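First the structure, in the form of structure tokens, and then the observations on it.
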Number of protein chains: 2
Amino acid sequence: MAQTQTFSKNQRIVLDIVEKAKGPLKAYSILFNVQKKGINAPQQIYRALDKLIEAGKIHKIESKNAFVACKNSNCEVSKATAFSICESCEIVDEISDTKLSKYLSKFNHKKGMKFKRFNLEFFGLCKKCKIK
Amino acid sequence: MAQTQTFSKNQRIVLDIVEKAKGPLKAYSILFNVQKKGINAPQQIYRALDKLIEAGKIHKIESKNAFVACKNSNCEVSKATAFSICESCEIVDEISDTKLSKYLSKFNHKKGMKFKRFNLEFFGLCKKCKIK
DNA sequence: TAACGTTTGTTATAATATAACATATTTTAG
DNA sequence: CTAAAATATGTTATATTATAACAAACGTTA
């Protein structure tokens, strides 16, 4: 069941910025965006991001050290994420493909490791950048 | 055909360290390890790593900012990588599963993006850490 | 209301990565 | 062979990303 989560002031401010952004945001770019709202230090951003990631509201694009809002409204805990990243324009899309997600969630390592979480990042050229 | 690649002095030094390591190494830990060999600056490490990654000899574990030697001798260009990472002891294994690799290589985004490369990172607890 | 957990604010610093420039070395082509 | 081009090196400085540590405020809840 989709539990409505309650966030603190700073957490709401950060989530709001990331949700309104067109693409992934870097932590320090979030910081510059919220300085007028009284947030002054990186710590405050990273702390909020940590909680929001835990809650599945935000994902980290590891290869870019950047953060995006979760597009899958049902993705309460970010334990199965996949993204497509254009190497040219750097546009990032969250992939929500049930088959892919199921396939990977079922995947188990030979060496007896049971996976709790995965992150998949695809790289290529998006439609627009292919043409150029 | 497996083309034998030739590497420069610094590239060989860095590759050697990473290949001999038991697990992923951080760039600065590589640096400290090679200072006796006359490499003094991070630049030199990062430059060597870049080339080695391009050549598929080394992969970057994005979620850890660390580098491992490629275990798949046939993986000349690192365009399809998958790793299992223990969240407790941080041990990292390169997964070489032909089916998985084929499945993901064939995967295409709805939005017309053709993928050239992917990186997949699974997280969980390894056998040893599950017991503890 | 006291005790506890969580969030905030703040200063400082650690860790990761790149810029820029001067040389040197290796490779390629004429 | 040799000039030009490409690749690699060495070096200093700096940018970027992230965490440590501590004090104070807030908010539950027992």
Side-chain angles (χ1 to χ4, degrees), chain A residues 3-18 21 23-68 78 85 87 90 92 119 121, chain B residues 3-18 21 23-68 78 85 87 90 92 119 121:
Chain A
Q3 182 185 332
T4 311
Q5 180 136 16
T6 140
F7 294 111
S8 74
K9 192 191 105 215
N10 287 0
Q11 289 159 12
R12 281 193 308 270
I13 291 172
V14 169
L15 180 57
D16 191 55
I17 294 276
V18 177
L25 289 181
K26 304 273 193 152
Y28 277 76
S29 121
I30 297 172
L31 177 57
F32 297 139
N33 270 288
V34 299
Q35 286 188 319
K36 51 196 159 194
K37 285 181 184 154
I39 297 182
N40 307 300
Q43 258 305 357
Q44 297 175 288
I45 303 298
Y46 283 107
R47 284 198 287 228
L49 285 172
D50 282 351
K51 295 290 176 181
L52 292 164
I53 287 170
E54 237 177 74
K57 292 306 231 177
I58 282 185
H59 304 307
K60 180 172 185 180
I61 311 297
E62 293 286 357
S63 63
K64 299 170 73 69
N65 299 317
F67 303 87
V68 289
S78 60
I85 302 168
E87 284 173 321
E90 312 232 296
V92 170
N119 179 54
E121 298 180 9
Chain B
Q3 184 185 331
T4 311
Q5 181 138 14
T6 141
F7 295 111
S8 74
K9 191 191 103 213
N10 287 1
Q11 288 159 14
R12 282 193 310 269
I13 292 172
V14 169
L15 179 56
D16 192 55
I17 294 277
V18 177
L25 290 181
K26 303 275 193 152
Y28 276 75
S29 121
I30 297 172
L31 177 57
F32 298 140
N33 270 287
V34 298
Q35 284 187 319
K36 50 194 161 193
K37 285 181 182 151
I39 297 181
N40 308 299
Q43 257 305 356
Q44 298 175 287
I45 302 298
Y46 283 106
R47 284 198 288 227
L49 286 173
D50 282 351
K51 295 292 175 177
L52 292 164
I53 288 169
E54 236 177 73
K57 293 306 232 174
I58 282 185
H59 304 308
K60 181 172 186 182
I61 311 296
E62 294 287 358
S63 63
K64 298 172 73 67
N65 298 316
F67 304 86
V68 289
S78 60
I85 301 167
E87 284 174 321
E90 309 232 300
V92 170
N119 179 55
E121 298 180 8

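Lettering of chains follows the sequences in order, A, B, ..., and the numbering in each one begins at 1. Worth saying up front: this structure is predicted, and the values here are computed from it rather than measured.
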Whether each nucleotide of nucleotides 7-23 of chain D has a protein heavy atom under 4.0 Å at its base (B), only at its sugar-phosphate (S) or at neither (-) is summarised, 5' to 3', as -SBBBB----BBBBB--
Atom NZ of A:K37 and atom P of C:dT8 are separated, to the nearest Å, by 14 Å
Taking atom P of C:dT7 as reference, at what distance in whole Å does atom CD1 of A:I45 sit?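 In whole Å, C:dT7 P lies 15 Å from A:I45 CD1.
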Rounded to the nearest 0.5 Å, what's the gap from CD1 on B:I30 to CD1 on B:I13? Could you check?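 Rounded to the nearest 0.5 Å, the CD1-CD1 separation comes to 12.0 Å.
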Minimum side-chain heavy-atom gap [X]-[Y] below 4.5 Å:
X: A:V34; Y: A:I45; result: yes
X: B:K26; Y: B:L31; result: no
X: B:S63; Y: B:I85; result: yes
X: B:F7; Y: B:V14; result: no

